[in-house]
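Some notes on the structure that comes next.
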Amino acid sequence: MDAVSVTAAVVLPPFLLAAIALSVWKTARGLPTRQWRRPRWWVFPAVLLVVAGCVTWFIGTFSSGLDARETCLERGFAYDDAHRRDPSQGFPLHHWCNADQDLVPAFVNPSLVAIAVALLGCAAGSVAAAVAGRKKGKGGG
C-alpha cells in the first residue's frame, strides 16, 4: 500500500465516526430546544440517514459473499444459474439462488425506500424551516 492509502485507512474511519457522533449529538440536542426550526439543523439527521442507507445497501450488495453459488450451497439452497443477478441492477437488491430463495435479507429493500423517503422529509423540513424563517423575518421588520 502506498502512503496515501495508508493515511486514508488510518484517518478516514475516525473521521467518519466523529461525523456520525456529531450528527447524533446535534440531532438529539436540537429536538428539545426546537432547533429543527432552523434549516441548518436538518443536515444532521440527513447525515445519519445517508450513513444508515450506505450500511443497508452494503449489507444487501454483499449478502451473497464473493461467490453466490458457494453461498447458496452453504446455506442449503439449490443454485440455479438462470436466476443470476444482473450486475447493472442497483435497486431492488436481489441475489437469487433459485426462483424461491434470495440471499438479500428481507429488510434491505424496504429500508432503502424508507431511508430515501426520510431524506426527502429532511429536505422538505429544511425548506419549510427556511420559508418559515423568511416569513418571520419579513413580518417582524
Side-chain angles (χ1 to χ4, degrees), residues 1-140:
M1 288 176 60
D2 61 342
V4 173
S5 298
V6 170
T7 304
V10 170
V11 172
L12 197 57
F15 176 75
L16 291 174
L17 287 174
I20 292 168
L22 175 69
S23 293
V24 168
W25 180 69
K26 291 285 245 175
T27 300
R29 195 183 102 204
L31 284 173
T33 60
R34 296 187 178 191
Q35 288 183 3
W36 48 266
R37 292 181 176 179
R38 296 181 183 161
R40 196 175 42 177
W41 178 84
W42 291 92
V43 169
F44 301 110
V47 167
L48 294 175
L49 287 167
V50 167
V51 169
C54 289
V55 168
T56 304
W57 181 83
F58 187 83
I59 289 169
T61 299
F62 296 104
S63 62
S64 69
L66 297 176
D67 185 7
R69 176 188 309 267
E70 184 177 313
T71 305
C72 288
L73 296 175
E74 283 177 4
R75 294 187 186 177
F77 302 141
Y79 182 77
D80 184 2
D81 203 33
H83 297 321
R84 193 175 49 172
R85 179 178 180 259
D86 180 13
S88 66
Q89 181 182 0
F91 184 82
L93 295 175
H94 291 291
H95 291 288
W96 294 103
C97 290
N98 53 46
D100 298 324
Q101 280 91 18
D102 188 4
L103 294 174
V104 175
F107 73 88
V108 170
N109 290 317
S111 295
L112 290 174
V113 170
I115 289 169
V117 169
L119 278 170
L120 288 174
C122 283
S126 179
V127 169
V131 169
R134 181 172 284 215
K135 285 183 181 179
K136 187 184 274 188
K138 285 184 178 180

ask   = Hey, what do you get for CG (Leu103) to CD (Glu74), rounding to the nearest 0.5 Å?
value = 10.0 Å

task = Taking all non-hydrogen atoms of both residues into account, name the closest pair between Pro110 and Ala106 and its distance.
result = CD-O, 3.3 Å

Lys NZ or Arg CZ of Arg38 over Trp41 ring: under 6.0 Å, within 45° = no

query = Rounded to the nearest 0.5 Å, how far does CG of Leu22 lie from CG of Leu17?
reply = 12.5 Å

ask   = Do any N or O atoms from the side chain of Trp42 and from the backbone of Val127 form a donor-acceptor pair under 3.5 angstrom?
value = no

key: Heavy-atom closest contact (Leu119 atom, Ala46 atom, distance)   = CD2-O, 3.7 Å

request  = With the side chain counted from C-beta on, respond yes when Leu93 and Leu112 share a heavy-atom pair under 4.5 Å apart, and no when they do not.
outcome  = yes

ask   = Can you list every side chain to side chain donor-acceptor pair (under 3.5 Å) pair that touches residues 101-130, not counting sequence neighbours?
value = His94-Asp102, Asn98-Gln101

remark   = dist Thr56:OG1 -> Phe107:CZ (nearest 0.5 Å) comes out at 6.0 Å

ask   = What are the two closest heavy atoms between Ser63 and Pro105, and how far apart are they?
value = CB-CD, 3.9 Å

remark   = Phe62 meets the ring pair (Phe, Tyr, Trp, His ring centres under 6.0 Å) criterion, sequence neighbours left out, with Phe58

ask   = What closest approach, in Å, do Ile115 and Ala52 show between heavy atoms, and which atom pair accounts for it?
value = CD1-C, 3.8 Å

task = Mind listing the closest non-hydrogen atom pair of Trp96 and Tyr79 along with its distance?
result = O-CE1, 4.3 Å

